[in-house]
Trainee: 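One structure coming up, written as structure tokens, with questions to follow.
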Amino acid sequence: NMAKALLADGILDSCTDIEEETPACTMKVLSMEIITQQNHQIQVMYGAVGDLEYNTTDDCEVEVSKTNTFKIKPIDDPSLCVDSTDVEVRVLVLRECNDRLSQVWRIDHKKRIRNKVTQLCIVRQGKKVRVQSCASSEENDVTFGFGDTIVFGNRGVMTPGATSEDGEEIALSVAARNHIGGPSRIPDPQLFTFAYL
């Protein structure tokens, strides 16, 4: 599609003879080759699908949230949810998932992770993860990164820490990515998922 768009854009119209060795002609030839090759690959695939007697119109359904809201859960313990403390400081913690609206999040129009009820955004303050006015939060300060991490720019990722004395809350902080891979059975506490509601 990008090759078709490049040809349709007219930006390569300065190439009137594809035999010329100009950058515009090189791009025009490459674009035409990409389109031709991909069309050939599609036809070969349709042939193979037909030979294997697969349904060529079968499509998977991708579930999309109607509310665009979600809970943030650690992948290795989905019974926990990111929530804010009840104290005025509003530090983020992990606690048992329940019906508290403070556990419901959304991505706002500036791509910030915002609490659905309080309208406060997830931010980093030193090593602490907390919620505060979105006015102090810029687009992409906090993002859902590759590998299912919640990333705070180049400062680190959201990381579970100490458990409260009553055992009901786990503190969240910003720390360097510390999982170096390995077998998938090794727990990685820095991985989170957005569980859409």
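Here the structure is a predicted model, which means the values were calculated and not measured.
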Trainee: Please answer whether the main-chain N or O of A176 pairs with a side-chain N or O of Q190 as donor and acceptor at a distance below 3.5 Å.
Mentor: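 Side chain of Q190 to backbone of A176: a pair is present.
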Trainee: For the residue pair F152 and V129, establish whether any side-chain heavy-atom pair is separated by less than 4.5 Å.
Mentor: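 Yes - at least one pair of side-chain heavy atoms lies under 4.5 Å apart.
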Trainee: Is any side-chain heavy atom of Q119 less than 4.5 Å from a side-chain heavy atom of R106?
Mentor: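 Q119 vs R106: side chains touch.
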Trainee: Assess whether atom CG of D99 is packed by more than 12 heavy atoms of other residues, nucleotides or ligands within 6.0 Å.
Mentor: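 Counting neighbours around CG of D99, 12 or fewer heavy atoms of other residues, nucleotides or ligands fall under 6.0 Å, so no.
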Trainee: Just by modelled atom types, is the A171 backbone N or O under 3.5 Å from a matching donor or acceptor in the K128 side chain?
Mentor: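 No, K128 side chain to A171 backbone: no donor-acceptor pair under 3.5 Å.
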Trainee: Where the side chain of K73 meets the backbone of A195, is there a donor-acceptor pair that is under 3.5 Å apart?
Mentor: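 Answer holds: no.
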Trainee: Is it true that, when you exclude I11 itself, more than 12 heavy atoms of the residues, nucleotides or ligands shown sit nearer than 6.0 Å to its CD1?
Mentor: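 It does not: I11 CD1 has 12 such atoms or fewer within range.
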Trainee: Atom OH of Y196 and atom CG of N68: how far apart are they, to the nearest 0.5 Å?
Mentor: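 Reported to 0.5 Å precision, the distance equals 7.5 Å.
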Trainee: Tell me whether L80 is reachable from V82 by hopping between hydrophobic residues (I, L, V, M, F, W, Y) whose side-chain heavy atoms are closer than 4.5 Å.
Mentor: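 Same cluster: V82 reaches L80 through Ile, Leu, Val, Met, Phe, Trp or Tyr contacts under 4.5 Å.
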Trainee: Which disulfide (SG to SG under 2.5 Å) pairs, counting each pair once, include a residue from residues 112-173, with sequence neighbours left out?
Mentor: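 Output for this query lists C121-C134.
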Trainee: To the nearest 0.5 angstrom, please state how far the CD atom of Q103 sits from the CG atom of N98.
Mentor: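 Here the interatomic distance stands at 4.0 Å.
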Trainee: Any side-chain heavy atom of V174 within less than 4.5 Å of one from V157?
Mentor: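 When only atoms from C-beta onward are counted, V157 and V174 do not touch, as no gap falls below 4.5 Å.
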Trainee: Shared ILVMFWY cluster between V123 and V93, side chains joined below 4.5 angstrom?
Mentor: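 No, because V123 and V93 fall into different hydrophobic clusters, even though each may have its own neighbours under 4.5 Å.
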Trainee: Kindly indicate whether the side chain of L197, heavy atoms from C-beta on, has any atom under 4.5 Å from the side chain of K71.
Mentor: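 Touching, per the 4.5 Å side-chain cut-off.
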Trainee: Out of curiosity, does L30 fall in the hydrophobic cluster containing M2 (side-chain heavy atoms, cut-off under 4.5 Å, transitive links)?
Mentor: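 No, no single cluster joins them.
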Trainee: Assess whether atom CD of Q41 is packed by more than 12 heavy atoms of other residues, nucleotides or ligands within 6.0 Å.
Mentor: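 Counting neighbours around CD of Q41, more than 12 heavy atoms of other residues, nucleotides or ligands fall under 6.0 Å, so yes.
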Trainee: Determine whether I150 and F194 make a side-chain contact, defined as any pair of heavy atoms from C-beta on separated by less than 4.5 Å.
Mentor: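 Of all side-chain heavy-atom pairs linking F194 with I150, at least one is under 4.5 Å.
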Trainee: Has E20 got more than 12 heavy atoms of other residues, nucleotides or ligands less than 6.0 Å from its CD?
Mentor: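 Yes, CD of E20 has more than 12 neighbouring heavy atoms, counting only those of other groups under 6.0 Å.
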Trainee: Quick one: do E21 and T26 satisfy side-chain contact (heavy atoms from CB on, under 4.5 Å)? Show the steps, please.
Mentor: CA-CA 7 Å; E21 293 185 20; T26 301; 5.7 Å; no
Trainee: Closest approach of P78 and C97, non-hydrogen atoms and distance?
Mentor: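 Minimum heavy-atom contact is O-SG, 4.0 Å.
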Trainee: Does R177 come within less than 4.0 Å of D188, counting only side-chain N to carboxylate O?
Mentor: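 Yes.
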Trainee: Working to the nearest 0.5 Å, report the span between CG of L12 and CE of M27.
Mentor: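 L12 atom CG to M27 atom CE measures 6.5 Å (nearest 0.5 Å).
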Trainee: How many angstroms lie between OG1 in T149 and CE in M158, if you round to the nearest 0.5 Å?
Mentor: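 Answer for the OG1-CE pair, T149 versus M158, is 9.5 Å.
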Trainee: Using a 4.5 Å cut-off on heavy atoms from C-beta on, say whether the side chain of V142 contacts that of R112.
Mentor: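 Result no, sub-4.5 Å side-chain heavy-atom pair not found.
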Trainee: Going from CG on D108 to CZ on R114, what distance comes out if it is rounded to the nearest 0.5 angstrom?
Mentor: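 D108 atom CG to R114 atom CZ measures 4.5 Å (nearest 0.5 Å).
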Trainee: Are W105 and I107 connected in the hydrophobic side-chain network, where two residues link if heavy atoms are under 4.5 Å apart?
Mentor: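 Same cluster.
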Trainee: Side chain of R90, backbone of L92: donor and acceptor closer than 3.5 Å?
Mentor: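 Such a contact is absent between R90 side chain and L92 backbone.
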Trainee: Atom CD1 of I170 and atom CG of D83: how far apart are they, to the nearest 0.5 Å?
Mentor: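 With rounding to 0.5 Å, CD1 (I170) is 12.5 Å from CG (D83).
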Trainee: If I compare all heavy atoms of D141 with all of S136, which pair ends up nearest, and what's the gap?
Mentor: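 That closest heavy-atom pairing would be OD2-O, 4.3 Å.
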Trainee: Between Q132 (side chain) and S137 (backbone), is there a donor-acceptor pair under 3.5 Å?
Mentor: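 No, Q132 side chain to S137 backbone: no donor-acceptor pair under 3.5 Å.
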Trainee: Which pairs with one or both residues in residues 31-54 pass salt bridge (charged side-chain N to carboxylate O under 4.0 Å, His left out), sequence neighbours excluded?
Mentor: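 Residue pairs passing salt bridge (charged side-chain N to carboxylate O under 4.0 Å, His left out), neighbours aside: none found.
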Trainee: Mind listing the closest non-hydrogen atom pair of S14 and A24 along with its distance?
Mentor: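 The answer is OG-CB, 3.5 Å.
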Trainee: State yes or no: do F70 and I75 share one hydrophobic cluster built from I, L, V, M, F, W and Y residues joined by side-chain heavy-atom distances below 4.5 Å, directly or via other members?
Mentor: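 No, it is not one cluster - the side chains of F70 and I75 are not joined through contacts under 4.5 Å.
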Trainee: Under a 4.5 Å cut-off applied to non-hydrogen side-chain atoms, are D76 and L191 in contact?
Mentor: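 D76 vs L191: side chains apart.
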Trainee: Under the 3.5 angstrom rule, does the side chain of D148 hit a backbone N or O of T193 as a donor-acceptor pair?
Mentor: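 Checked: no pair found.
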Trainee: Given side chains that start at C-beta, do those of D77 and L94 come closer than 4.5 Å, heavy atoms only?
Mentor: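 The answer is no, as the side chains (C-beta and beyond) never meet within the 4.5 Å cut-off.
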